[in-house]
Each structure stands twice: as structure tokens, then as C-alpha cells.
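Order of the sequence lines fixes the chain letters, A, B, ..., with proteins taken first and strands second; residue numbering starts at 1 for each chain.
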Amino acid sequence: MSQETLQDFAGVWIGKISEVVRAITGSGPIKFMINWSRMYALWPVHITTACCSAEFGAMMGPRLDPERFGLQAVAGGLRQCDLIIVEGTVTKKMAKRLKIVYEQMAKPRYVVAMGDCACSGGLFHDSYSIVNDVHKLFPVDVYIPGCPPRPEALLSAIVKLREKIRREEVFA
Amino acid sequence: MATQSPTREEDLVNKLKARFPDAIKDSKIEGKHRITIHFDKDKLLEIARYMRDELGFDHVKGVAGVDDPTHKKIEVLYFTGSFSRPEIEDLIVVLQAELPRDNPTIASAVSVWESTHFHERETFEMFGVKFEGHPDLRKLLTLDNWEGPPPMLKDIKFPEMGQR
Amino acid sequence: MTTNPDQTKPTAPPIAITAAKEPSTLDVSVGPQHPGSGHLRMLMRVDGDYIVSVDPDIGYVHRGCEKIAEYRTAVSNIPHLERPCIIDAIHLNWGYVLPIEELQGIVVPPRGQYISTIAAEMNRIMSHLYWLAINAGVFSGHTTIFMYAFGDRDLFIELAEMLTGARLTYSFLPPGGPRRDLPAEFQDRLLKLLDYFERRLVEYDRIFFSNPLVIARAKGIGTLKRDEAIKLGMTGPVLRGSGVKYDVRKVEPYGAYADLDFEIPVFEEGDSYARFLVRFEEMKQSIKIIRQALEKMPKGPIARKAPLIIPEGEAIGRVESSRGELTYMVKGDNSDKPSRVKIMNGSFRSLIALPYLIRNVHVADMPIIYGSLDYWPVEADR
Amino acid sequence: MVFGAMYEGIKHIFKRTFTLKYPYQKVLLPKGFRGRHILYMEKCTGCGICAWICPERCISFVPPADGKEHPQNPENRFPQYWYARCCFCHFCTDYCPTGALDYSPDYELAEYDRELLVWSPERLSKVPTNIGTYRSVFHGNKGSMGVTYEPVEKQPKT
């Protein structure tokens, strides 16, 4: 077959295959399985933006033990992480690096805005070196107010985020 | 205070005045632990060397800039203290120099007190005070390509400042 | 101090000026996103496995506290002036309040002084446990001590919740004295916790401080001799680890420290392990202080009504925070907002130790030296 | 040698865990815990001291939704909290002259979008029900950290 017919022959099938895959994963048990596995393997990126990291560390401690939800403190690669917790104030200098970190992460990635400063600039809303609204940098899934929020409150935000993952489309 | 033997603060001030009669403008003893000494900004290095070697003030706790737009001047304060001599270790001697507001420059004290290295970099960035002779005078805290004016000056109001 | 064997390798100049770019050196940026560094970026010039020089690039959490302090009233300044060192909030709050009380001429009643001292010493234990867990534990890969220290820190936090109502950000000392009195069951719960914590310290000593692996990694690394520590203006445990006996609680007693007796742990070696031990001993001293303060707790009012106006003038107040001498300079101009607040805290003063100590050492020694300084970048950037 | 440390670690294998299984077990917080505010609308006079003392200016004033008349509140305005900016320092509760504001141990305020973080006076006046039912009990050396979390037997007094 000539080059062009090969192109559109493949094009038809490839187009078709992706529709078939989307139809399969979009329904019933397969979707539940994929969302269930994403829900139970939320690895947070180890980037501490500001003072809320003290409460994030307290949540990682033995008292609340978030590994029950698969939240393991991964020290290292961005490729394996799929949850970024914006812990506190994002200064303009940190915003550049945070954007780079967000773009390096693998696709199903979620963001929790922890603390007032991540939600709305909180205590330092009128400072000259602060990015007040973090949702302009990247889409935020769950906001948790508090300065800093209790570790249990952060865990309740993680539980809310998992609820959202459980119900979302696989290829959103 | 007509005490018989002058307190250690007074003899400290008298020693400084005797050594630098013209450079020391005036001095104020506030309470038991604080002395403020206004001095002429060109004599900083001699005064610093004298304070470190003879009087024993071997480190600087911080360098503060204070902006005073009404009198058109910026004050630079050196908070000096002493670790090596126990009899004056609770004293904080504040050396205060007035600089013109439009082009504030002063000699850098890093050659005498190494501890002022990062403090001077911060005051340079926040108030625009140029410290000549500083080995590595770069910006420290704000965004890398921040082309804005020194942020701590009083007349510089940022749009978000104090908004509801 | 382990110097690299053959001296032909380029060695860094005395202070903080990064070494010249040699063909054999490589720039490694230990950035804000790194398990071994806090909220700062260390541009390390590395030659093989030896760090030639480090240029700390800080400012990632610079929120301009001193500029914002000129736009808030004296009381409303307390929450945001406390945030730089959230794990040691009482000292940042107390340091800010001392000069204001000096300007306004208020004396906090003795019972308020004792409650502030108890809260401050509890906060010192919590801050040292945070250091033990994160800076000494996770940075050197010892996650068991991270789990132990954070488990016990949560018990102290539960008591701080009972006393002040918040876990870390107490805002507990407005000008005039503490906001609340001791709750009923606080005293015996705290004494029971202190007995339990004293037994735990023996377990910490066995699993971490006298653990030969930790000693091998921390002893003789990052040595800061006595005159170097004085010359660089170090403060707190870094200074007391190098043999200088200087503690603001003894030099210029504030609060109830004048009539409580406790020792100041000082070690002569000046290496990272000495700084580890200084903080370990300070926790024991804090337990002693809290016990005495609970016994000698006077009766009477805990606070005094403070005016809202800061009178004309300039005042300096300092406290001994867990990271060293914390000095505040507050300048008032007869309005309810301070006209200038200058913060000189322990972390910013120990920043110069980073480029000074992390030279000619192995790359693996960097987290140990950085951890032993207990450098909290948020406090240094203000 | 290192056996002291290993013995220390092994000792903990046989002890009860210290973990609080959060969503299923919640801690009974002390009375004065600074969580969300509770607004008693019958006591509030709309004076505005809470908005003045607030460090972040997160309190704004809105008329009540149901338009009911409140005799003690001349301008008929009640505080509306924007919790995305509130730092829970509770200066407003301490400085309120009529005691219209109060502490509450409710800290689960997570939301999916920011606009839901604005709490109207009516929403503030509901007393929270998700009070914890567990408290930490000292065991000396029995629990792994000497502490375990037991359910509170008697009815927790709110």
C-alpha cells in the first residue's frame, strides 16, 4: 500500500483504539480499579515552601501515620510523586521554582493548598514579595485554611482529595 | 549622675571620647545595658578597630537601617556586643551613623567584624546603602531579577500595602 | 577537620567568596526542592567528592516582616512577627513584647512572668525535639529518631494546646502579660509528662547520641574553634558548642529566670557532635526549670492592661530563643503602629557559618553540618 | 557498640502503637482550643472592634440573611469571616466587649473551592457537632510511646 493509504489506515485505527480504550476505562470496574490505585498511592513532593512545613512534618510523624492512606514521604524524584502540598507562603522567588516542580510531575497530579498563605496570602497578603493567589500558578484541588492547619485538618483535606479522585474521570 | 566612681558605661564612653574627640558626636546611656553612640561615618573603621581590640567588642549582632524621610537621612546602626570579656558581656553598644538619603554610602566593616558580612548585604538590599570594600555585595532576599527600588524605604508604598 | 588529602586542590578563600571556577570544579545547586536542605538553595562548588565552597542563596521565604510590621498596630503585629520561627513562637513573641513594655513602662506581674517562663521552656523542648527529628534525624537518614522525637513532641504540643489554645502559633504574650491563666489539670499533667520524658531521654541517648554510627558521622566534622565562633558572631547552641559560656537567660535575666537556678551546658570541641550534645543537655535543663517554676508559682494577677499607643523612643529587648540570642529593636513614634522593627535572630546570624564550615569537606558531611547549626531558613529570611 | 541502639528498636516491636486512626478516631480537644469561631447573633452589637483588631482584616460586616430585626444591633450588621485569611489568633474573641464570639474545637474546614471558605454569620452561629471522643492516656512505660488513645467513657461535656 502506498504511503498515504498507510497513513489514514493507521489514523483510522489509532483514532479508533483510543476511543475504545476510553470507553472501556470510562465505565464500571476498570475505572474503579484505576481510581482506587491512584487514591492509595499519593506520594507528596518534598518541597517545603514556608512555615506550614512544620505541621506537614508533624503529620508525617507516628501520631497520625499517613502511610495508612499511602501517603509516603518520598525523598527524591519528582517523577514518582503525584501530590504537591503547597505548605504555606509562596514568595515570588519560590513561585518560579514551584512552577518548574509542578510541570516536572507526572500527569495525574493533584495540589493541596495548605494554610492561609497558600489559599489567599493570609497573614502576609499585603507584602511586596508574595504571590497572593496560588491558583493562578496551577489548578488547586483542595484548600485547607488554618495557620498552620492542624495535622488532622491536613489529613481531612487529604481524605477530601481522595474522595475527589475516587469519583473523577480516568482520562480527565 | 554624680556617682563617686564612674560606672563602666561612663568610663567606656569617656575612653571613646578621649580617643576620637571629633568623630564621636554625642552619646546616650539608656538604662543598664544599652549605650547609643552617634559617630561621624568616615571614621567607622578606626572606631571599629579600636572597639574590637582595646574595648573588647568582638562581634556585631546586627546592622539595622532606619529611614527618616523628614530629615532626609538614613541611619545605619551597628549593634556591637562582647563575648570574650565577661564584665561587659551584657552591654549592647549601638554605633549610629547618619547618611544622606539620596546617595547613602559608608565603609564596610567586614574587614574588622566578619559577622557583619550578611547583615550589610541585607541592609544594602533593603535600604540601598552602598558599603564600599564589601567583598561580595549582592542582593540577598528578594526575587533574583527584582528591578524595583529598595523596599524598606518609607516613601515606597507597594500597591498591596495595607489594603483592606 | 578532614581536609582533602592533596593540597593542590583549589581551597576556598576565607569568607563566603565562592572559589574561582576551576576546570575541575562543578557547580551543584542543592535547591529548595531537596530532601537534605530546607527552604534555601546552596550553590555548592564541588571538586570530586569534596565541597570547595558553598554560596547560600536564601530569600525563598522572605515575606518582608519588617516592612509589614510598620502597617499593623502593636498587638496585631504579634501573629505575623511570630511566624518566622513557628516552632519557637513564644520567644519571637516575647522578644517583640519586651521593648514595647520597656517603652510603655509596664511591668508584668510575677505570676505572668512565671507562666511566660514555663511556656518558653516548653517551647524550647519542642523546638529542640523538632531539631532532633528533622535536622539531626531526617537529614542524616536516621528516621527512627524522627519517629521518636515527633511522637514525644506531640505530647508537649497537647499541653501547649491546653494552656494557650493553639498548637504552634500561640500569640500568647500581648504587651502586658499572658492571655490565659494555667488551666486546672495542666500542672499534674505536665509533671507526669516531664517524668515520662526524662525516661525517654535515656532511650534517645542509647539510640541516637551514643550510637556509634552517629558519632562516626558527626564527631570532628565542621569544627568551629572558640575564636572563630566569636569572630563570626555565632549565637546559641552553636556558640556554646565552641566553648563560649554566653546565654541571655544568665547574662540579662528576663521573665522569672533571675530566681531559678539552672546550668548552661558548654562543650569545648566545637564540632557538630558537640552542638548535638549542647541541645541534648539543654532539654534536661529545661525540664529542671519547668519543675522549679511550677513549685514557686506565685499567686496574683497574670497580666496588666497595656495602652495601645507606643510612646516616642527606641528600645532594644532580647531573649534566649532555641536558636540563640534573639534581639528586637522597636522604634515608636507616639502612634499605635511601630515606626521601625528590626529583628536579629539566631538563624540569620548563623548563616555565615554555612560558607565558613562547609569547605573542604565531603559532600555527605553537608547535611550533618547544616543540621547541627539548626538553621531554620524561614526565620533567617523573615 | 550498636547493640544498645538495636535493643532499643526491638523493644518497641511488642508494644501497642501510638497512632490515632484519624478519620475514625478524633481527639477530644481541650475547652479553649482556638478552632473555628462561634457567633452568638443575639449578643452581637455590630461595634466593629473585632474587625479593627484583626491582623489580616478578614472580618467584613453583612446584614443577616433572613432580615430578622435584632434590637441590640443598631446597624443590623454581623461579622462575616473569610477563613482563607483568618489566622485563628482569636484576638477578636478576646477583644469582643459583649462576648458574642466564642472558641470551638472545629478544625475540619477543608473546601474544594475558595468561595466556600467565606462563612456567613448564620453558618458561624451553628455549634459544631464533630467533637472528638478519644483522649490520650499515660501508661508510664506500657504503651510504645507511654501513651495510647482511649475512648472517653462518659458523655463528653461540651
Does any backbone or side-chain atom of [X] lie under 4.5 Å from a heavy atom of chain D? Answer side chain, backbone, both or neither.
X: L193(C); value: both
X: T73(C); value: side chain
X: F172(C); value: neither

Residues of residues 113-122 of chain D contacting chain C, heavy-atom criterion under 4.5 Å, by residue number: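 From residues 113-122 of chain D, none sit under 4.5 Å of chain C.
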Rounded to the nearest 0.5 Å, what separates atom CD in E8(D) from atom OH in Y148(C)?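 The distance works out to 4.5 Å.
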CG of L20(D) to CG of D154(C): how many Å apart, nearest 0.5 Å?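 Answer rounded to 0.5 Å: 10.0 Å.
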Side chain to side chain, F91(D) and R179(C), heavy atoms closer than 4.5 Å: yes
With a 4.5 Å heavy-atom cut-off, do C87(D) and T169(C) have their side chains touching?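 No; the side chains remain at least 4.5 Å from each other.
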Do R180(C) and Y103(D) form a cation-pi contact, if we require the NZ or CZ to be under 6.0 Å from the six-membered ring centre and within 45 degrees of the ring's axis? yes
Chain C heavy atoms under 4.5 Å from [X]: which part of the residue, side chain, backbone, both or neither?
X: P30(D); result: side chain
X: Y107(D); result: neither
X: Y7(D); result: side chain

Within the side chain of [X], is there an N or O that forms a donor-acceptor pair under 3.5 Å with the backbone of [Y]?
X: R72(C); Y: C54(D); result: no
X: R206(C); Y: G4(D); result: no
X: S171(C); Y: C89(D); result: no

To check you understand the geometry: which heavy-atom pair defines the closest contact between L29(D) and E161(C), and what is its length?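 Taking every non-hydrogen atom into account, CD2-OE1, 3.7 Å.
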If every non-hydrogen atom of N211(C) is compared with every non-hydrogen atom of A5(D), which pair is closest and at what distance? ND2-CB, 3.7 Å
Of the listed R189(C), K192(C), R83(C), E185(C), the one with the largest count of heavy-atom pairs under 4.5 Å with chain D is R189(C)
Salt bridge between K11(D) and E203(C), side-chain N to carboxylate O under 4.0 Å?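 The answer is yes: the pair qualifies as a salt bridge.
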Within the supplied structure, the quantity of interest is the number of heavy atoms (other residues, nucleotides, ligands) at a distance under 6.0 Å from Y112(D) OH; does it exceed 12?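 Above 12, so yes.
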